[in-house]
Amino acid sequence: MRPALLDPLFAPLNSLPGIGPKAGELYARLLGLESIDDCRVIDLVFHAPHSLIDRRHQPGIARAPQGVIVTITGRVDRHQPPPPRTSQPYRVFLHDDTGELALTFFRVKGNWLEKALPVDETVTVSGKVDWFNGRPSMVHPDYMVRASEAENLPLVEPVYPLTAGLSARILRKAVEAALPRIPDFPEWIEEALMLKQGFHSVRDCFVALHDPRDGTDLDPQAPARRRLAYDEFLAGQLSLSLVRQRLRKVAGIPVHATGKLSRPVLTALPFSLTGSQTVAIDEVLKDMAGTERMLRLLQGDVGSGKTAVALMSMLAAVEAGGQAVLMAPTEILARQHFATLSKMAAPAGVTIDVLTGRTKGRERDAILERIASGETQIVIGTHALFQDTVVYNNLLLAVVDEQHRFGVHQRLRLTAKGISPHMLVMTATPIPRTLVLAAFGDMDVSKLTEKPAGRKPIQTVTVSTERTGEIVERLRTALAEGKKAYWICPLVEESEASDLMSADERFQSLDKQFGPNVGLVHGRMNGAEKDAVMLAFKNSDIRLLVATTVVEVGVDVPDATIMVIEHAERFGLAQLHQLRGRVGRGDEASTCILLYKGPLSENGRARLSILRDTEDGFLIAEEDLKLRGEGELLGTRQSGTPGFRIASLEAHGDLLEIARKDAAYIIERDPDLTTARGEALRTLLYLHRRDEAIRFLRAG
């Protein structure tokens, strides 16, 4: 159903000249796609240059500055080949009115230089000039053409991100072949906004993107980049609005909480709810009691008590005679939720089951039967919850934990399991406001900003890896006192390509020191193995857990009080904050040790300093956005994250606000995109691969 107008842009990338199977895989790697089969011409069109080479400076040989790219036109005087069987370079000398220049070449084979630079020929060369003992030299010029062909030399040359094996010249040729395929698009932005923002046509902006004239054209605020950024935001906001419209087109079933189950649970809790927990529960229950389907995002910092809010919400669904599900991204987290919620909900006598990919045979059949009959009131699990074999009796509420691990289509599949179940999605990753709008623009937002009473601050210190031995000795003392600790490593196993300490190596090292007190868990272990190690850690059979970031989210061992993060400089701020949140969950004082390998970059020093100075996850998230950008903040290019190619939330936040309002205006006046502008907007959605939104439209 994609408009024929876009066919040239969605042709396979290897339809461009010069892109064969070998080069194709390089392009796939460069563009972040699985293989050349996934690459389209449009992906290259969106691959923007990050800098430029300016060859317009033509000062003459004698006035060429040291180490600066210049363009020189001169007459070839002589060739000076190196003596046989020596490592000396091949030199070609030319002169202009101001002096003489040596062109220097290493490992020259054949007579190609004699053909390219004939004696007495006037040529134009471009490259960096180096001065040595008062004589200028240009090593391996970037360009050499006869003066009569100098117009073929690109005086201003865009520089693109590259990957090993793919040369800049080859990539530029591919981009030049792709640009003529850009059509004249129908305009989807209203004229008033075009004039106010100084926007040009989409086609002109793509051409300008790849033809920068000076540094200002590379600035995020350059007119072409702002227009293309706005289009990306509008496509994203419009698709989110269409999803929201589709989900809410079917009226929600009002769910009225009676308190019959929640009251005994609240009474039995060993803690009091915080003010923000109470507010969040009130917001959720108000939404669920309405006639529209709830779509709410619950943001809570590490240890802020999202689980209690989720339980109160699920109990409301059960009180209304229905069922609730909680979907987690990993087996470990699902089974941990099951253990925690079963204990919390016990005073209410609620029936809870856990269903994951590991649930097999008779056990699985029995659980499926209980779910279908309605005997199971709350189901906790992983992706297994929305498989075809799972049939619910009366699903009224779906809770999704760690929303950014799931795509929009996955949460749709889950809500399709009921007539129109309400949806609460949770994230323990505090997200900056602009990123919330970009990734979750179809949702209302509740925030948990307080930690439960009794939680003590976590002391965070930075220590050089040169002092690792001291840390090990301190751990020896702590373990002897009965304390528990995590030791986090960035890799699972040793790699030739990396000098980072792996979890396997560190485990072997610590195992020699502490013996059976040490356990190892990482993502390559199967679910049963991981669960066994985590249970041993929780039950104090082991007291030191060496792990990768598999423990980043949701793992709850309240009496663990020490967190060591090795090569902390290699982690993002938000991830470090998540890892630190695995300690400080009980009433004992806790410590987080950030082991770094020096020298630190300015960015690395800033990250560790911020983490040392604050535990405010929302402040940390804002700083992380500034330091790393939105592409990495929620995990690289995962389904459900923005993945912008031109737009930057930090640079173009003002445009996101405009796009959000524009999308709401469009949906209000043209919900099925059937007007002339609506048809143009469909083209925009296809251009930005928001096909999912078009499918919602077709589904009515």
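Note that the numbering runs from 1 along the sequence shown for the chain.
- A donor atom on one side chain and an acceptor atom on the other are not found under 3.5 Å apart for Arg612 and Thr460.
- A side-chain donor from one of Glu569 and His567 sits under 3.5 Å from a side-chain acceptor of the other.
- How far CE of Met314 is from OG1 of Thr307: 8.5 Å, rounded to the nearest 0.5 Å.
- Here the shortest heavy-atom pairing between Met312 and Ile281 reads CG-CD1, 3.6 Å.
- Listed by chain and residue number, nothing satisfies the side chain to side chain donor-acceptor pair (under 3.5 Å) test with Asn517 (two or more places apart in sequence, or in another chain).
- Listed by first and then second residue, the salt bridge (Lys or Arg N to Asp or Glu O under 4.0 Å) pairs involving residues 325-336 are Glu331-Arg335, Glu331-Arg358, Arg335-Asp531 (not counting sequence neighbours).
- Arg607 approaches Phe571 most closely through the heavy-atom pair NE-O, 3.0 Å.
- At least one donor-acceptor pair closer than 3.5 Å links the side chain of Arg585 to the backbone N or O of Gly581.
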Practice item. Apply the test side-chain contact (heavy atoms from CB on, under 4.5 Å) to residues Leu397 and Met294: give CA-CA distance (whole Å), side-chain angles for both, the deciding distance (0.1 Å), then the verdict. Key: CA-CA 9 Å; Leu397 172 67; Met294 175 179 72; 3.8 Å; yes
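- With hydrogens and angles left out, the side-chain atoms of Thr427 and Gln299 include no donor and acceptor closer than 3.5 Å.
- Among all heavy-atom pairs drawn from Ala334 and Val354, the shortest one is O-CG2, 4.3 Å.
- Between the side chain of Lys483 and the backbone N or O of Ala480, no donor-acceptor pair lies under 3.5 Å.
- Looking at Glu25, its side chain never comes within 3.5 Å of a backbone N or O of Lys22 through a donor-acceptor pair.
- No donor-acceptor pair under 3.5 Å is formed between the side chain of Ser509 and the backbone N or O of Glu505.
- Listed for the Ser342 side chain is a donor-acceptor partner under 3.5 Å among the backbone atoms of Phe338.
- Atom OG1 in Thr591 sits 6.5 Å away from atom CD1 in Ile562 (nearest 0.5 Å).
- In this structure Ser239 satisfies the side chain to side chain donor-acceptor pair (under 3.5 Å) test with no other residue, sequence neighbours excluded.
- With hydrogens and angles left out, the side-chain atoms of Thr351 and Arg370 include no donor and acceptor closer than 3.5 Å.
- Put simply, CZ on Arg467 and CD1 on Ile593 are 9.5 Å apart, with the number rounded to the nearest 0.5 Å.
- Applying the side chain to side chain donor-acceptor pair (under 3.5 Å) rule to Lys484 yields the partners Ser540, Asp559; only residues at least two apart in sequence or on another chain are considered.
- Residues that satisfy the salt bridge (charged side-chain N to carboxylate O under 4.0 Å, His left out) test with Glu375, not counting sequence neighbours, are absent from this structure.
- The CG atom of Asp401 lies 6.0 Å from the CG atom of Leu326; values are rounded to the nearest 0.5 Å.
- Side chain of Ser601 to backbone of Gly604: a donor-acceptor contact under 3.5 angstrom is found.
- A donor-acceptor pair under 3.5 Å is formed between the side chain of Glu319 and the backbone N or O of Leu261.
- Ion pairing between Asp43 and Arg645 holds under the 4.0 Å rule for side-chain N and carboxylate O.
- Within the 3.5 Å criterion, the main-chain N or O of Ile378 finds no donor-acceptor partner in the side chain of Thr376.
- Judged by distance alone, with hydrogens and angles left aside, the side-chain atoms of Gln323 form a donor-acceptor pair with the main-chain N or O of Asn393 at under 3.5 Å.
- Applying the side chain to side chain donor-acceptor pair (under 3.5 Å) criterion to Glu369, with sequence neighbours excluded, gives no partner residue.
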Practice item. Could you walk me through whether Glu588 and Thr561 pass side chain to side chain donor-acceptor pair (under 3.5 Å), step by step? Key: CA-CA 7 Å; Glu588 280 193 61; Thr561 57; 5.2 Å; no
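- Between the Gln387 side chain and the His383 main chain, a donor and an acceptor come within less than 3.5 Å of each other.
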